[in-house]
Amino acid sequence: QMSSFHKDEKASITLEAAMVVPVFLLFVVFLAGMIRIGVAEIALNRAVSDTTEVLATHTYPAELAVSGVQGTLDTFIQDRSMGSLDLAKASEIFNMAMKTTGVDFSPEAYLSQLASDRLITPMVRKKFAESILGKWSDPNRIKVVDVTVTDGFKGALSITAQYRMHLIAPFVDKQIILKKRAYEYLWSPH
């Protein structure tokens, strides 16, 4: 009779383990996924904030470069038009011409998109890669989706980036998009 009690106990433990272990493993995988999302979110936030700060601190040289280019263009336009046209008037004429032709083209929007794609996205990706460890993250999944400068060089800079990642868990295949925005006042002596 003692040996049948021992066999029943072994079967009971096996049955309990068969019921509890899968639930426990699902919990562990879910917890690992949540930790992975949290680490990626912190790294993305840091990367966007650091990039925004770096760009805001370098505003003054950019302001000088833009002012120099505008001055050169203004002089060129005035020389070619014998003083009858300046850069502001030429910009106004260009914008009116674009509106009358039905072409919706904004040089500012084009330059902002170009800057975000070619300049700012690689900076955010590099900062992300520096702040996150592990092979499970891919900085190439980061994209800067918005760059906004308010009030020219005297205002503020806002950068918004997103990171696409897959949540990998049993019975779950979801794509998660983490989105972070950083805002910094531009550092200019004016």
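Counting from 1, the numbers follow the sequence of the chain as shown.
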K.L.:
Has Arg36 got more than 12 heavy atoms of other residues, nucleotides or ligands less than 6.0 Å from its CZ?
P.N.:
yes
K.L.:
For Lys127, which residues count as a salt bridge (Lys or Arg N to Asp or Glu O under 4.0 Å) partner, sequence neighbours excluded?
P.N.:
none
K.L.:
Determine the sole option in Thr52, Val145, Val144, Val48 for which the side-chain contact (heavy atoms from CB on, under 4.5 Å) test with Thr160 is passed.
P.N.:
Val145
K.L.:
Would you find a donor on one side and an acceptor on the other, under 3.5 Å apart, between the side chain of Ser49 and the backbone of Arg46?
P.N.:
no
K.L.:
State yes or no: do Ile176 and Leu44 share one hydrophobic cluster built from I, L, V, M, F, W and Y residues joined by side-chain heavy-atom distances below 4.5 Å, directly or via other members?
P.N.:
yes
K.L.:
What's the shortest heavy-atom distance between Met165 and Leu178, and which atoms?
P.N.:
SD-CD1, 3.9 Å
K.L.:
How long is the straight-line distance from CG of Leu186 back to CD of Glu184, given to the nearest 0.5 Å?
P.N.:
8.5 Å
K.L.:
Same cluster or not: are Ile42 and Tyr183 linked, directly or through other Ile, Leu, Val, Met, Phe, Trp or Tyr residues, by side-chain heavy atoms under 4.5 angstrom apart?
P.N.:
no
K.L.:
For Arg181 and Ala161, indicate whether the former's side chain and the latter's backbone hold a donor-acceptor pair under 3.5 Å.
P.N.:
no
K.L.:
As an exercise, state the distance from CD of Gln162 to NZ of Lys143, rounded to the nearest 0.5 Å.
P.N.:
8.0 Å
K.L.:
Taking C-beta and beyond as the side chain, do Asn140 and Arg125 meet within less than 4.5 Å on heavy atoms?
P.N.:
yes
K.L.:
Are any side-chain N or O atoms of Tyr163 and backbone N or O atoms of Phe128, one a donor and one an acceptor, separated by less than 3.5 Å?
P.N.:
no
K.L.:
Quick one: do Lys174 and His166 satisfy side chain to side chain contact (heavy atoms under 4.5 Å, CB included)? Show the steps, please.
P.N.:
CA-CA 6 Å; Lys174 289 282 186 184; His166 288 283; over 6 Å; no
K.L.:
Within the 3.5 Å criterion, strictly below it, is a donor on Asn45 or Glu41 matched to an acceptor on the partner's side chain?
P.N.:
no
K.L.:
Which atoms form the tightest heavy-atom contact between Val23 and Met19, and what is the distance?
P.N.:
CG2-O, 3.7 Å
K.L.:
Is it the case that one hydrophobic cluster holds both Val54 and Val124, taking links as side-chain heavy atoms less than 4.5 Å apart, direct or via other members?
P.N.:
yes
K.L.:
Using the side-chain contact (heavy atoms from CB on, under 4.5 Å) rule, pick out the option among Leu73, Asp79, Ile77, Thr72 that qualifies with Thr75.
P.N.:
Asp79
K.L.:
Given the rule that I, L, V, M, F, W and Y join up when any side-chain heavy atoms are under 4.5 Å apart, are Met34 and Phe24 in one cluster?
P.N.:
no
K.L.:
Any non-hydrogen side-chain atom of Thr148 less than 4.5 Å from a side-chain atom of Leu157?
P.N.:
no
K.L.:
Is any side-chain heavy atom of Thr51 closer than 4.5 Å to one of Ile159?
P.N.:
yes
K.L.:
Following the transitive rule for hydrophobic clusters with a side-chain heavy-atom cut-off under 4.5 Å over Ile, Leu, Val, Met, Phe, Trp and Tyr, establish whether Ile35 and Ile132 coincide in one cluster.
P.N.:
yes
K.L.:
Assess the residue pair Ile120 and Leu55 against the criterion (side chain to side chain contact (heavy atoms under 4.5 Å, CB included)); give the C-alpha distance rounded to whole Å, side-chain angles, the decisive distance to 0.1 Å, and a yes or no.
P.N.:
CA-CA 9 Å; Ile120 299 172; Leu55 291 174; 3.9 Å; yes
